[in-house]
Amino acid sequence: MTTFPAAVTLFLSIALQPTVPAAGFQPSSVHIHEHSNDVQFHPSKLATSIFQRTSPLSAALEHIDDSNMNHLLFCPDKGRPRSVLVDAFTSWCGPCKLIEPYLVNCATNHSGKLSVLKYNVEDPNTKNLKVEMLLQGVMIRGLPTLVLYHDGKPLATHSGAITENELNAWLDEHLFSKIDTFEAGQELGGEVAKKKVPGSKNASAKRGFVSMTSQFGSDDYMLSNV
């Protein structure tokens, strides 16, 4: 716990309060005492409350669950892009929040060629989606995880935080450089390509990677809610 002098009491009391009630905000992160010149500030509680808020950026992206998974992902409707980028996330995942602006830019820059879908792995209405992805060999073991699809088939996955330049290079490598082949109807083939951060030996060592094993267990997460 960090104690600040009275000079910053007013600043913190105003700056740390949202203009409108925000989901997940915890007023207990800041304690101002009536008979004290100090304000007690709990950084860990504040960080949790910030990351639990609903990001306005997510409104620019589509959300996928059991009700729309077929016409958005596995069998895209006529007129929709055949290529899809799925972002597996949760509301409490810090690195997921960091990469969201890049995904918004991606959806905007490649409109008509690539759709970007947000997949909340804690949504109770994603049981069938989890099973379908598992049957395709896609397992979400950490966050954030990006899964690239074309014609309902997984092409590549990326786990952990990623810069915008790295995201664009990854999409070029696994999708745009091969789009002519895909459009010609040739078999995608092979297993899902998994890109790892250079030098990492395991999931826990990846940059900006939140392991799901500590939350759900390493073996039964995908079916835990079925």
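The shown structure was predicted, so the numbers you read here are calculated from the model rather than taken from an experiment. Side chains are part of it too, since the values below use all heavy atoms of this structure and drop only hydrogens, waters and symmetry mates.
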Q: Quickly, which of Leu155, Leu85, Ile140 forms a side chain to side chain contact (heavy atoms under 4.5 Å, CB included) with Val147? Name it, please.
A: Ile140

Q.
Whether the side chain of Lys130 engages the backbone of Val121 through a donor-acceptor N/O pair (distance < 3.5 Å, no angle test) should be reported.
A. yes

Q: Take Leu143 and Trp92 through the side chain to side chain contact (heavy atoms under 4.5 Å, CB included) test and state the conclusion after the steps.
A: CA-CA 10 Å; Leu143 298 174; Trp92 48 260; 4.2 Å; yes

Q | ring-ring contact (aromatic ring centres under 6.0 Å, His included) involving Phe74 - partner list, sequence neighbours excluded | A | none

**Q.** Check: Asn128 side chain, Asp66 main-chain N or O, donor-acceptor pair, under 3.5 Å
**A.** no

Q) Passes side chain to side chain contact (heavy atoms under 4.5 Å, CB included), Leu117 versus Tyr149? Steps please. A) CA-CA 11 Å; Leu117 306 178; Tyr149 278 81; over 6 Å; no

Q. At what distance, to the nearest 0.5 angstrom, does OG1 of Thr108 lie from CG of Leu114?
A. 11.0 Å

Q. Nearest heavy-atom pair of Lys178 and Glu173: which atoms, and what distance?
A. CE-O, 3.5 Å

Q) For Asn105, which residues count as a side chain to side chain donor-acceptor pair (under 3.5 Å) partner, sequence neighbours excluded? A) Glu164

Q: Look at the side chain of Thr145 and the backbone N and O of Ser159, then say whether any donor-acceptor pair between them is shorter than 3.5 Å.
A: no

Q: Applying side chain to side chain contact (heavy atoms under 4.5 Å, CB included), run through Phe89 and Asn120 and close with a yes or a no.
A: CA-CA 5 Å; Phe89 78 103; Asn120 186 343; 3.7 Å; yes

Q.
Any donor-acceptor pair under 3.5 Å linking the side-chain atoms of Ser67 with those of Asp65?
A. yes

(Q) Does any part of the side chain of Val84, heavy atoms only, come nearer than 4.5 Å to the side chain of Leu72, both counted from C-beta? (A) no

(Q) Would you say that Leu129 contacts Leu73 through its side chain, given a criterion of any heavy-atom pair below 4.5 Å between the two side chains? (A) yes

Q | Non-hydrogen side-chain atoms of Leu146 and Ile99 separated by less than 4.5 Å | A | yes

Q. Out of curiosity, Thr163 OG1 to Trp170 CH2, how far, rounded to the nearest 0.5 Å?
A. 13.0 Å

Q) How many angstroms lie between atom CG of Asp151 and atom SG of Cys75, to the nearest 0.5 angstrom? A) 9.5 Å

Q.
To check you understand the geometry: which heavy-atom pair defines the closest contact between Lys97 and Ser91, and what is its length?
A. CE-O, 3.6 Å

Q.
Could you walk me through whether Asp87 and Leu61 satisfy the side chain to side chain contact (heavy atoms under 4.5 Å, CB included) test, starting with their C-alpha distance in whole Å, then the side-chain angles of each, then the deciding distance to 0.1 Å, before giving a yes or no?
A. CA-CA 10 Å; Asp87 169 35; Leu61 306 174; 5.6 Å; no

Q) Is there a chain of hydrophobic side chains (I, L, V, M, F, W, Y, each step under 4.5 Å between heavy atoms) that links Leu103 to Leu171? A) yes

Q | Approximate separation, where rounding is to 0.5 Å, of Glu100 CD and Cys93 SG | A | 10.5 Å

Q | Smallest separation among heavy atoms of Glu62 and Arg80, with atom names | A | OE1-NH2, 2.8 Å

Q) Which heavy-atom pair separates Pro144 from Pro95 by the least distance, and what is that distance? A) CD-CB, 3.6 Å

Q) How about His150 and Ile179: do any of their side-chain heavy atoms sit closer than 4.5 Å? A) yes

